[in-house]
Number of protein chains: 2
Amino acid sequence: MRGGWLLLLLVGFSAGCVAATPDEVVDRAPASDWMTVPARDLLVMEVRGGARVVIRLAPDFAPAHVRNIAILARRGWWDGGAVVRSQDGYVVQWAPRDEKAVKPRGYVATLPPEYERGVSGLRVTSLGSADSYADRAGFVEGWPVGMSGDGRVWLAHCRGMVGVARDMPPDTGDGQELYAVTGEAPRQLDRNMAVVGEVVSGMGVLTGLPHGTGRLGFYVRPEERDPIVRVVLASDLPEGERPRVAVMRTESGSFAAYLHARAKRTDPFFVRPAGGVALCNAPVPVRVE
Amino acid sequence: MRGGWLLLLLVGFSAGCVAATPDEVVDRAPASDWMTVPARDLLVMEVRGGARVVIRLAPDFAPAHVRNIAILARRGWWDGGAVVRSQDGYVVQWAPRDEKAVKPRGYVATLPPEYERGVSGLRVTSLGSADSYADRAGFVEGWPVGMSGDGRVWLAHCRGMVGVARDMPPDTGDGQELYAVTGEAPRQLDRNMAVVGEVVSGMGVLTGLPHGTGRLGFYVRPEERDPIVRVVLASDLPEGERPRVAVMRTESGSFAAYLHARAKRTDPFFVRPAGGVALCNAPVPVRVE
């Protein structure tokens with residue numbers, strides 16, 4: 001935690017006596033252990049000053065919600081909108097300029113819950129550590145998930161995950177207002193909200209915003225809100241402006257080694273490895289260009 | 001997550017059909033279920049603009065480290081110091097103006113690890129949910145803890161916990177540089193660092209600082225650092241300026257009800273309670289005046 005140990009670390013390596021750290025596992029992972037995210041599954045949000053937030057969408061888990069979001073993005077729905085809420089240690093939330101405006105063709109006002117799905121057809125990697133919120137925790141196609149004994153699987157509310165704000169059930173939200181988790185994983189929301197993706201780049205842009213002073217961290221005055229310049233699908237950007245995102249394959253050998261290294265830290269800084277790791281403390285490695 | 005449900009919540013209560021939420025349990029907790037933190041165990045940090053961060057110290061867990069910190073605070077050791085690091089989603093760290101200056105009498109340069117202690121004599125409340133990092137997780141005297149099968153107990157690196165920065169083992173840090181956890185609980189640090197307390201007020205002051213752009217979130221240029229006006233023990237402040245801090249007794253009936261409500265959310269917003277809760281997602285309720 002202080003920084004003067006880099007030299008010792010290097011000495012340790014050169015002596016060949018130090019097992020791989022999580023960062024080293026990531027650095028050494030071969031190309032075959034990464035999957036490229038299609039540009040149509042990337043949402044690019046530009047805020048004040050041109051700063052970019054890139055979100056990987058999860059059509060495998062919330063297809064109807066993601067379809068709405070893509071339809072709205074293609075219409076420029078959030079352009080001129082704003083971040084409306086920043087609750088310290090919880091979420092940042094954003095909204096379009098006018099939620100009541102006439103919607104584009106294809107938009108659906110009332111959506112199915114999409115809070116969970118069947119596990120069949122998915123490649124599951126088990127976390128191998130106990131979980132407080134699910135029978136089993138693990139990873140599926142690059143996502144952190146909870147799983148039940150009866151074969152259901154759902155995206156977990158880890159830091160960076162993006163969900164659909166809603167009012168009360170049976171309302172499930174229509175995708176116009178989205179939130180990103182910024183604090184300690186609020187896993188109590190799992191299976192209670194539609195999770196539609198994950199921030200893969202630009203989290204610091206969101207967590208760097210001033211906290212709202214109103215109830216639940218909403219901004220009180222409109223001028224406190226941080227304006228959204230535009231939200232667009234990467235596939236609608238010119239080739240040269242598209243972010244390129246690769247996610248480590250969670251069924252790969254590199255990811256198994258990464259999980260092992262997270263649970264059994266052998267960097268010389270550690271005197272006592274934990275032996276386990278929490279689902280949301282083992283973020284799936286992502287490369288963004 | 002959207003906010004329009006307050007009315008429904010009230011209707012639900014008046015009909016007597018809604019179990020208590022965590023907030024309600026806290027609001028209803030009788031005075032006997034709270035303990036007052038002695039002023040000598042409160043560290044008050046004042047930063048730019050007079051904003052205050054209040055830290056509850058943990059002499060039961062790290063007595064030698066806490067003693068050093070108290071000795072340094074009484075000497076005004078951090079006055080004119082600075083926050084030197086803000087790593088998004090991890091920690092904020094601060095330091096005195098001159099670590100090499102002549103230390104006051106009583107200060108000890110080399111301290112015992114104090115990473116864990118025996119559980120005997122402590123009142124333990126079990127979390128009741130699985131934990132990824134310890135044989136058992138729970139609470140002791142208002143602190144979140146991990147516990148081993150052989151009777152050891154240690155403070156857990158939950159959001160808000162304060163620890164002592166160090167270089168490599170066997171160095172354990174002397175308490176001059178402290179950090180507060182700001183992101184997803186880095187429990188891999190448990191039993192690897194001396195945890196000396198918890199931020200009980202003013203977390204937003206720390207998380208609201210700009211993120212450092214250097215390696216590990218350190219500020220690159222001195223002028224980026226946020227200056228510390230002073231750090232003082234509350235017991236050294238005039239009576240009228242002392243913060244008053246009460247922590248819910250973790251062995252109380254109110255705390256058991258709070259834990260139950262966190263694990264089995266019955267607020268009308270929830271369609272599916274998790275049934276469990278993670279240690280660091282059940283922050284011990286604190287009242288600060």
Side-chain angles (χ1 to χ4, degrees), chain A residues 1-5 8 88-89 91 93 113 115 127 129-134 158-159 163 165-170 173 177 179 182-193 203-204 207-208 210-211 215-216 218 262-263 265 268-281 283, chain B residues 1-5 8 88-89 91 93 113 115 127 129-134 158-159 163 165-170 173 177 179 182-193 203-204 207-208 210-211 215-216 218 262-263 265 268-281 283:
Chain A
M1 296 286 291
R2 208 138 75 171
W5 46 274
L8 266 167
D88 185 31
V91 295
Q93 188 169 324
Y115 296 159
L127 175 67
S129 294
D131 187 72
S132 310
Y133 295 92
C158 298
R159 189 170 194 271
R166 63 167 172 86
D167 290 330
M168 295 286 276
E177 279 202 37
Y179 62 88
T182 57
E184 179 70 21
R187 299 274 311 277
Q188 69 275 13
L189 299 176
D190 288 5
R191 292 202 278 184
N192 284 279
M193 314 285 288
M203 265 304 283
T207 57
H211 308 139
R215 198 177 67 88
L216 303 175
F218 280 93
R262 296 284 304 188
R265 300 292 290 257
F269 185 79
F270 287 85
V271 294
R272 182 152 197 164
V277 62
L279 179 64
C280 294
N281 201 12
Chain B
M1 296 287 292
R2 207 138 75 173
W5 46 273
L8 264 168
D88 186 31
V91 295
Q93 188 168 324
Y115 297 159
L127 176 67
S129 295
D131 188 71
S132 310
Y133 295 92
C158 298
R159 189 172 193 272
R166 64 166 171 86
D167 291 328
M168 296 286 277
E177 279 202 37
Y179 61 88
T182 58
E184 179 70 21
R187 297 276 309 278
Q188 70 275 14
L189 299 176
D190 289 6
R191 292 201 277 183
N192 284 280
M193 313 285 288
M203 264 304 282
T207 58
H211 309 140
R215 198 177 68 89
L216 303 176
F218 280 94
R262 296 283 306 187
R265 298 293 289 259
F269 185 80
F270 287 86
V271 294
R272 183 155 198 163
V277 63
L279 179 64
C280 295
N281 200 14

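Computed from heavy atoms alone, side chains included, the values below leave out hydrogens, waters and symmetry copies. Protein chains get the first letters and strands the later ones, always in sequence-line order, with residue 1 at the start of each.
Put simply, CZ on B:R265 and CG on A:L189 are 8.0 Å apart, with the number rounded to the nearest 0.5 Å.
Across every non-hydrogen atom of B:A130 and A:S132, the tightest pair is O-OG, 2.8 Å. Nearest heavy atoms, B:P186 versus A:N281: CA-ND2, 3.9 Å. The two atoms that bring A:F269 and B:P169 nearest to each other are O-CD, 3.9 Å, heavy atoms only. Across all their heavy atoms, A:R159 and B:D88 have their closest contact at NH2-OD1, 3.0 Å. Here the shortest heavy-atom pairing between B:M168 and A:P268 reads CE-CB, 3.1 Å.
Annotation: maximal heavy-atom pairing with chain B below 4.5 Å, among A:A263, A:G163, A:C280, occurs at A:C280. Top candidate by heavy-atom pairs under 4.5 Å with chain A, chosen from B:G204, B:A134, B:P113, is B:G204. Note: A:G89 leads A:P170, A:P210, A:G89 in heavy-atom pairs under 4.5 Å with chain B. Between chain A and the options B:A185, B:G183, B:G275, B:S129, heavy-atom pairs under 4.5 Å are most frequent for B:A185.
A donor-acceptor distance shorter than 3.5 angstrom exists from the side chain of B:N192 to the backbone of A:V271, with no hydrogens or angles considered. The closest donor-acceptor contact from the side chain of B:R262 to the backbone of A:Q188 lies at 3.5 Å or more, if one exists at all.
Heavy-atom distances place both the backbone and the side chain of A:R272 under 4.5 Å from chain B.
Applying the salt bridge (charged side-chain N to carboxylate O under 4.0 Å, His left out) rule to A:R191 yields the partners A:E116; only residues at least two apart in sequence or on another chain are considered.
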